[in-house]
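Structure first, commentary second.
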Amino acid sequence: MLPLKEDDTYAVLSEQGMADGEERGFYRHDTRYLSRYVWKLPGFSLLLSETPRPDRLVQHWSRIEGPSQVVGLRRELVLERGGFRERLELENTSLQPQDVEIALEAAADFMDLFEARGWYTTQRTVTGFSYTAEDGLEVATRLNITPDSPGRNWRFALGPKEQARVEVRGAFDSPFHAHGVELPSYEEWARRFPLHLESGRSQRVLERAISDLRALLFSLPEGYYPAAGIPWFVCPFGRDALLTAYMLLPWGADVARGVLTYLAKHQGQVVDPFRDEEPGKILHEVRQGELSRTGKVPFIRYYGTVDATPLFVMLLHEYWLTCGDFDLVRALRPNWEAALQWMTTYADPDGDGLLEFSPNERGLTVQSWKDSGDSQSHRDGRLAQGPIGVSEVQGYAYAAYRAAAQFYRVLGEEAKAEHWKARAAGLRGVFHEKFWLPELGTYAMALDGDKQPLEVLSSNPGHLLWSGIVPEETAPRLVRTLFSEPLWSGWGLRTLGAGEARYNPLSYHNGSVWPHDTALFAGGLARYGFCDEALKVSEALFRLAMTQHDLRLPELVGGYPKHEGEPPVPYPAACRPQAWDAAAVVYMLRLALEIGDKRPVQGLLEITR
């Protein structure tokens, strides 16, 4: 798979750079505008295919006779907001006349993304390159080709050294035109991150991450917003954007503002079980495809996440601390107060002080970051039933309550500040009592509907260190557990410990290694003063990126143990790039700078000052 993206428009192509079946195609606003886009180039072989930037594909095709090329073809495809431009340049590099025939096959089916991926089936009637959806909205694809050819085929008689060119402009007409400020150029975006590493290899990993972060941005009226990942998550997500924005601070302050402003504007207002909406709740994702708009799936504005709401308060607090802008805290006061209200009411229906979620069979059955249906299991492999209280969300809530106390203190409302400080302290005590597993030296992954702990080794406690809910006296033992052989693969933390009943190193959440998950562990280590360990984890992730052909941290890799000289086993369907993994590269350098203020940092993370 070869993905390209610019703003709200993206393409999913084959390794040959074509949309030639299955889920491949050109997409905008969760709709496939071109289901087929294939150049027929008889006699040509693909010699070079590169994506120098995530919005651009460059290829060289060659027709070779004997030892030499007789005709060369350079192809350049560039994604733009709402379409693309493409240029094919042919050159007769021989001393003899050459006849060249090429053709373009193009078709549009205007499938909803969920259909294209095989998750839903429906019937629609498409006329050529336009379509009127069930709700009356019209979409269309326009192809402007020079030189014009009604059949989209061309024959060129090229004399020696003669050249020819075909240019295509594609436009995807969408009824959704919410467009904010122009996105920065790649060069301008890179200047926002004035970081330079002594290691050339590390610097290239950083530059790739920064480029990917620019590619993942799309522009909304509320500001910049990062797509969760390419290709299938180019839409506003709550959890992913909040963590991405957090890890980009202080350099990505405008991204944090855009994320906070957008999520505040779309905060839950009513109780709607179909979409898991409740007053004060922060959304999970927004989709604009036909299936979502017509209510066949709940994702037009879906709120099935238990963690985005406390993370919203955490990001606002971190934004204020790193950027000094308390005006945004004042402006969003109704929103963070509504978030706190949701956390203490709807998210805690039994009043025990712990946040929990109930499965939604039409949406998400698991509504924490490990959101696959089999991720919450007991030691014997049984899946947790009923409302589930996952451990890391209690840590997020603790941090959010402490943030609220600081907000109110600055606002001069001391009684409210003391209330939320006490609420945080109470949660910390209840959490440790109910989740700590002394025989394992870690915290339970979750409590099930009967309040029974899931007594398994997992990566979740890394987030607990990051949030600060772990008592100081408990942290050393927890850190030893997280670095133990069942959890630490050498590349990062396994989501589920080796040896657990459901452990599978190539599963989505039951033993794989997720770089963003491990990066938050590094942040937690630094928070508790485990600086050497934080650098060890950060270097492991940089080394992981260095093993990848594109120098990216993938969404996840297999949880097999690290072997010297071998890359990690890839997870076949991993997104790349993924926003929070690219942001993790930047976040680890922020940690290195903070540690560097206390002691020298050398090796892969040494930063030129």
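Keep in mind that this is a model prediction, so the values were computed, not measured. Nothing fancy with the numbering, it's 1 onward along the sequence.
Under 3.5 Å, the side chains of Q267 and N335 contain a donor-acceptor pair of N or O atoms. Inspection of the W514 and E555 side chains reveals no N or O donor paired with an N or O acceptor under 3.5 Å. Residues T495 and H509 bring no donor and acceptor atom of their side chains to less than 3.5 Å of each other. Judged by distance alone, the side chains of Y120 and D112 never bring a donor and an acceptor atom under 3.5 Å apart. For the residue pair H463 / Y396, a side-chain donor-acceptor distance below 3.5 Å is found, with atom types taken as modelled.
Of the charged side-chain nitrogens involved, none lies within less than 4.0 Å of a carboxylate oxygen, so that E414 and K416 do not count as a salt-bridged pair. We find that R330 and E337 are not joined by a salt bridge, their nearest charged nitrogen and carboxylate oxygen being 4.0 Å or further apart.
In terms of modelled atom types and a separation under 3.5 Å, the side chain of S375 and the main chain of K370 share a donor-acceptor contact. A donor-acceptor distance shorter than 3.5 angstrom exists from the side chain of N360 to the backbone of R362, with no hydrogens or angles considered.
Closest approach of P54 and S211 over heavy atoms only: CD-OG, 3.6 Å.
Remark: Y10 engages Y27 in a ring pair (Phe, Tyr, Trp, His ring centres under 6.0 Å) (not counting sequence neighbours). A search for ring pair (Phe, Tyr, Trp, His ring centres under 6.0 Å) contacts involving H317 returns W320, F407, not counting sequence neighbours. With sequence neighbours left out, the salt bridge (Lys or Arg N to Asp or Glu O under 4.0 Å) criterion links R402 to no other residue. Take Y571 and apply the ring pair (Phe, Tyr, Trp, His ring centres under 6.0 Å) test, not counting sequence neighbours, and it matches Y508. Listed by chain and number, the residues in a side-chain hydrogen bond (donor to acceptor under 3.5 Å, both in side chains) with Y319 are R257, D325 (sequence neighbours excluded). For F233, the ring pair (Phe, Tyr, Trp, His ring centres under 6.0 Å) test picks out F237, with sequence neighbours left out.
Taking the centre of each ring, F110 and Y33 come in below the 6.0 Å mark. Aromatic ring centroids of W466 and Y246 lie under 6.0 Å apart. Ring-centre distance between Y443 and H432: below the 6.0 Å cut-off.
Counted within 6.0 Å of NZ on K421, heavy atoms from surrounding residues, nucleotides or ligands total 12 or fewer; the atom is thus considered open.
For the pair Y224 and F218, the minimum side-chain heavy-atom distance is 4.5 Å or more.
Annotation: cation-pi pair R32/F26 absent, no NZ/CZ under 6.0 Å from the ring centroid and within 45° of its normal.
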